Amino acid sequence: TESAFRRSVSPYLLKEYNKRWFLIGFDHAEQRVHTFPLDRILDWASDPLTHFYRHPLFVPDNWYRHVYGVSMPHDPLPEEILLEVTQHRKQYMLSKPLHPTQELVSETDGHALFRFHLIINFEWEQLILSYADDMRVCKPASLASRLQERLANALHQYVGVG
């Protein structure tokens, strides 16, 4: 389990994701914008000695433009992501896009290729894994490799079961 810690934070906004609330603010100890789950904050107090800091790169309307979910990696840079999906999943994605950056690139009788321009984070990986047998990451190779490792670890949990 994680131990409790204190942080001085300049709060910027509250965001709800997956029925949980998060505080997004500048973490003075880490010198970066950070996401804090509200249900893990045990106590808070105003500190008149800590001045509010407005991070020059934090623009609320743009902060999550290239993110699925709420978590933000330390050095966020959007990447081109190519997903190959089954025809069945294609119809679903056309009627309910996974993200505003979604673009249909090509399609064949059996599959469709979608492009996204996103910052890869935990929630995006979880979403792709939830469509495991209908979706394959074609690009970037680093994401495909990481998901392959996670799927192998998950499969290992079921070896010998049943």
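Owing to the predicted nature of the structure, the values given are computational and were not obtained by experimental measurement.
- Between Arg20 and Asp39 there is a salt bridge, since at least one side-chain N of the basic residue sits less than 4.0 Å from a carboxylate O of the acidic one.
- Hydrophobic cluster membership differs between Val105 and Ile81, with clusters built from Ile, Leu, Val, Met, Phe, Trp and Tyr side chains linked at under 4.5 angstrom.
- Note: Trp124 and His99 have perpendicular aromatic rings, judged against thresholds of 30 and 60 degrees for the angle between ring planes.
- The cationic atom of Lys90 (NZ for Lys, CZ for Arg) does not lie both less than 6.0 Å from the six-membered ring centre of Phe114 and within 45° of the ring axis.
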Working note: His66 + Thr101, criterion side chain to side chain donor-acceptor pair (under 3.5 Å); need CA distance, chi angles, decisive distance, verdict. CA-CA 8 Å; His66 292 288; Thr101 63; 5.6 Å; no

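- A distance of 13.0 Å separates OG of Ser8 from CZ of Phe52, quoted to the nearest 0.5 Å.
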How far apart are the C-alpha atoms of Glu125 and Ile120, what are their side-chain angles, what is the distance that settles it, and do they pass the side chain to side chain contact (heavy atoms under 4.5 Å, CB included) test? CA-CA 7 Å; Glu125 289 184 15; Ile120 298 170; 4.1 Å; yes

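- Looking at Glu123, its side chain does come within 3.5 Å of a backbone N or O of Ser71 through a donor-acceptor pair.
- Note: Phe22 CZ to Thr35 OG1 = 8.0 Å, rounded to the nearest 0.5 Å.
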Please walk me through it: do Ile24 and Leu13 pass side chain to side chain contact (heavy atoms under 4.5 Å, CB included)? CA-CA 5 Å; Ile24 292 82; Leu13 66 98; 3.9 Å; yes

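- Of all non-hydrogen atoms in Leu118 and Val67, the two that sit nearest each other are CD2-N, 4.0 Å.
- In the hydrophobic cluster analysis, where Ile, Leu, Val, Met, Phe, Trp and Tyr join through side-chain heavy atoms closer than 4.5 angstrom, Val70 is grouped apart from Leu38.
- Summarising the geometry of Lys15 relative to Gly69, their closest heavy-atom pair is CE-O, 3.6 Å, with the distance given to 0.1 Å.
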Verdict with reasoning, Leu77 to Ile119, per side chain to side chain contact (heavy atoms under 4.5 Å, CB included): CA-CA 6 Å; Leu77 290 175; Ile119 295 168; 5.8 Å; no

One pair to check against side chain to side chain contact (heavy atoms under 4.5 Å, CB included): Glu79 and Phe116. What are the steps and the verdict? CA-CA 8 Å; Glu79 297 183 54; Phe116 298 85; over 6 Å; no

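- Proximity of a side-chain donor or acceptor of Ser130 to a complementary backbone N or O of Leu127 within less than 3.5 Å is detected.
- When side chains are defined from C-beta on, Leu113 counts as touching Leu82, because their heavy atoms get closer than 4.5 Å.
- Within a 6.0 Å radius of CD in Gln148, no more than 12 heavy atoms belonging to other residues, nucleotides or ligands are found.
- Residues Phe26 and Phe58 have side chains not in contact (no heavy-atom distance under 4.5 Å, counting atoms from C-beta outward).
- Summarising the geometry of Lys19 relative to Glu16, their closest heavy-atom pair is N-OE2, 2.7 Å, with the distance given to 0.1 Å.
- The minimum heavy-atom distance linking Gln102 with Leu94 is given by the pair NE2-N, 4.3 Å.
- In summary, the side chains of Ser10 and His28 do present a donor paired with an acceptor at a separation below 3.5 Å, with no hydrogens or angles considered.
- Not one N or O on the side chain of Asp27 forms a donor-acceptor pair closer than 3.5 Å with the backbone of Val33.
- In this model, no donor atom of one side chain and acceptor atom of the other lie less than 3.5 Å apart for Arg115 and His117.
- Scanning all heavy atoms of the two residues, the minimum distance from Gly25 to Phe36 falls at O-CE1, 4.4 Å.
- Cluster membership check: Leu14 does not share its hydrophobic cluster with Tyr12, using side-chain heavy-atom separations under 4.5 Å among Ile, Leu, Val, Met, Phe, Trp and Tyr.
- Note on Phe122: it does not cluster hydrophobically with Trp21, by side-chain heavy-atom contacts below 4.5 Å among ILVMFWY residues.
- Rounding to the nearest 0.5 Å places CD of Gln126 at 9.5 Å from CG of Leu147.
- Here Tyr131 contributes atom OH and Met93 contributes atom CE; the two are 8.0 Å apart, rounded to the nearest 0.5 Å.
- Judged by distance alone, the side chain of Tyr64 and the main-chain N or O of Met72 form no donor-acceptor pair under 3.5 Å.
- The aromatic rings of Tyr17 and Tyr68 lie perpendicular to each other, with more than 60° between the two planes, well past the 30° mark.
- Between Leu98 and Met135 the shortest heavy-atom distance is CD1-CE, 4.0 Å.
- Here Arg89 contributes atom CZ and Leu83 contributes atom CG; the two are 11.5 Å apart, rounded to the nearest 0.5 Å.
- Atom OG1 of Thr86 and atom CZ of Arg136 lie 12.5 Å apart (nearest 0.5 Å).
- Ion pairing between a basic and an acidic side chain is recognised when a charged N comes within 4.0 Å of a carboxylate O; Arg7 and Glu30 show such pairing.
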